[in-house]
Asks: 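One structure, pasted below without further comment.
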2 protein chains.
Amino acid sequence: MKGLNLTTQRKAVYDIVRNSNDHPTAAEVMNRLVEQGYNFAYGTVYNSLRYLTDKELIRELKLGESASRYDAKLDEHQHIICVSCGRVDEVMSSVPEDWKQAVAKETGYDVHHANVVFGGMCPQCLKKRTN
Amino acid sequence: MKGLNLTTQRKAVYDIVRNSNDHPTAAEVMNRLVEQGYNFAYGTVYNSLRYLTDKELIRELKLGESASRYDAKLDEHQHIICVSCGRVDEVMSSVPEDWKQAVAKETGYDVHHANVVFGGMCPQCLKKRTN
DNA sequence: TTTGATTTTAGAATAAGTATAAATCCTGAT
DNA sequence: ATCAGGATTTATACTTATTCTAAAATCAAA
Ligand SMILES: [Mn+2]
Ligand SMILES: [Mn+2]
Ligand SMILES: [Zn+2]
Ligand SMILES: [Zn+2]
């Protein structure tokens, strides 16, 4: 029905991304595959990530770091990165509709989407900080 | 006063960025330098862009494309990229303060900043589109 | 089963950017 | 003017993330 061909390697990659909540990079996915006893070619991991992204089973995130991250959470959401430890957390609060409209008005664009990356100090790092 | 050392090459790079309104990449800066008769080493252009960024004369933008872009507009603003032609325009309308607060509340982060990249169809591409 | 298509693999290639080390340029004392 | 030390530029090598390539392996009908 969906023309979906989940080979062993694609399934394994998909499972890693699905069961991770830290938005792993391709290299991190590779490491976790190795931990699980798999030994796929690097190219296969990239191909699988692209395949899964194309089929919209996962999403590729470009958060302004050097490497892309991958996310199996498909509902629209944004991200926040801790400036201290680098962890990436979810932001479910959605982009205000009236702001998007203001931007459309200002720019003359037909605004399709917004990618937002917040930066800040995560709760754990806030706790550790010396006052 | 600021300990600023604007060499010939740094000045030339700065002038390119200042007089561009399209957020050029390092490669584009290099091309424009060559058009102006300069012939600096690639490394010098990167070094200059980093120097100017460190001195806060320009800003480096990571918009989720493969290459960084540079911007001499220093007041806080966001960007919008045309999904059709790739042009990058300014978004001066600022991130709603109450939304940032909502995100702080939701995530427990101390929110420092937000980088927002809108995507959409620019006025020129809207005009060209076949209805 | 042969065949054609798809996928995986290893490795080469690419693109953006950084590191290195020698050469050049400045600057401020002699 | 001359020199020495520091900063800067340059050419080139390197790194990192990712894509490309072409051969080998796998799969799926006919
Ligand atoms: Mn997410
Ligand atoms: Mn700008
Ligand atoms: Zn943290
Ligand atoms: Zn356009």
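Chain letters run A, B, ... following the sequence lines, proteins first and then strands; every chain starts at 1.
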Asks: Taking OP1 and OP2 of D:dT18, is either one under 4.0 Å from a side-chain nitrogen or oxygen of A:Tyr46?
Replies: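 Yes, because at least one side-chain N or O of A:Tyr46 sits under 4.0 Å from OP1 or OP2 of D:dT18.
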Asks: Considering residues, nucleotides and ligands other than A:Gln124, do more than 12 of their heavy atoms fall under 6.0 Å from its CD?
Replies: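 Yes, because the 6.0 Å sphere around CD of A:Gln124 holds more than 12 heavy atoms from other groups.
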Asks: How close or far is atom P of D:dT16 from atom CD of A:Glu65, stated in whole angstroms?
Replies: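 That distance rounds to 16 Å.
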Asks: For the residue pair A:His23 and A:Glu90, confirm or rule out a side-chain donor-acceptor distance under 3.5 Å.
Replies: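 Present: a donor and an acceptor within the cut-off.
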Asks: Same hydrophobic cluster for B:Tyr51 and B:Leu33, using side-chain heavy-atom links shorter than 4.5 Å among ILVMFWY?
Replies: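 Looking at the clustering, B:Leu33 is in the same group as B:Tyr51.
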Asks: So that I can tick it off, tell me whether A:Arg50 and A:Asp54 are bridged by a salt bridge, with the cut-off set at under 4.0 angstrom between side-chain N and carboxylate O.
Replies: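 Between A:Arg50 and A:Asp54 there is no salt bridge, as every charged N stays at least 4.0 Å from the carboxylate O atoms.
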Asks: What is the first contacted nucleotide of DNA chain C and what is the last, in 5' to 3' order, if contact means an atom lying under 4.0 angstrom from a heavy atom of chain A?
Replies: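 Contacts span C:dT6 to C:dA10, reading 5' to 3'.
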Asks: Apply salt bridge (charged side-chain N to carboxylate O under 4.0 Å, His left out) to A:Asp71 and A:Arg69, showing your working.
Replies: CA-CA 7 Å; A:Asp71 196 344; A:Arg69 294 180 173 274; over 6 Å; no
Asks: I'd like to compare against my own output: the B/S/- annotation of nucleotides 20-28 of chain D with a strict under-4.0 Å heavy-atom distance to protein.
Replies: S--------
Asks: Is the A:Trp99 ring parallel, tilted or perpendicular to the B:Phe118 ring (thresholds 30°, 60°)?
Replies: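 Because their plane-to-plane angle is over 60°, the rings of A:Trp99 and B:Phe118 count as perpendicular.
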Asks: Mind checking the OH-CD1 spacing from A:Tyr109 to B:Ile81? Nearest 0.5 Å is all I need.
Replies: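 Rounded to the nearest 0.5 Å, the OH-CD1 separation comes out at 8.5 Å.
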Asks: Going through the distances and angles, do A:Gln9 and A:Ser48 end up as a side-chain hydrogen bond (donor to acceptor under 3.5 Å, both in side chains)?
Replies: CA-CA 7 Å; A:Gln9 13 288 89; A:Ser48 298; over 6 Å; no
Asks: Tell me the interatomic distance from A:Tyr42, atom OH, to D:dT18, atom P, rounded to whole angstroms.
Replies: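 For the pair A:Tyr42 OH and D:dT18 P, the rounded distance is 9 Å.
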Asks: Students often get this wrong, so: under 4.0 angstrom with heavy atoms, is A:Thr7 touching a base, only sugar-phosphate, or nothing?
Replies: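 If one applies the 4.0 Å heavy-atom cut-off, A:Thr7 turns out to touch the sugar-phosphate alone, with no base involved.
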Asks: Distance check, rounded to the nearest 0.5 Å: A:Tyr38 atom OH versus A:Met30 atom CE?
Replies: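 Reported to 0.5 Å precision, the distance equals 13.5 Å.
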Asks: Below 4.0 angstrom, which residues in residues 22-41 of chain A have at least one non-hydrogen atom near DNA chain C?
Replies: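 DNA chain C contact set from residues 22-41 of chain A: A:Phe40, A:Ala41.
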Asks: Please confirm whether the shortest side-chain N or O distance from A:Ser68 to OP1 or OP2 of D:dT18 is below 4.0 Å.
Replies: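 The answer is yes; a side-chain N or O of A:Ser68 sits under 4.0 Å from OP1 or OP2.
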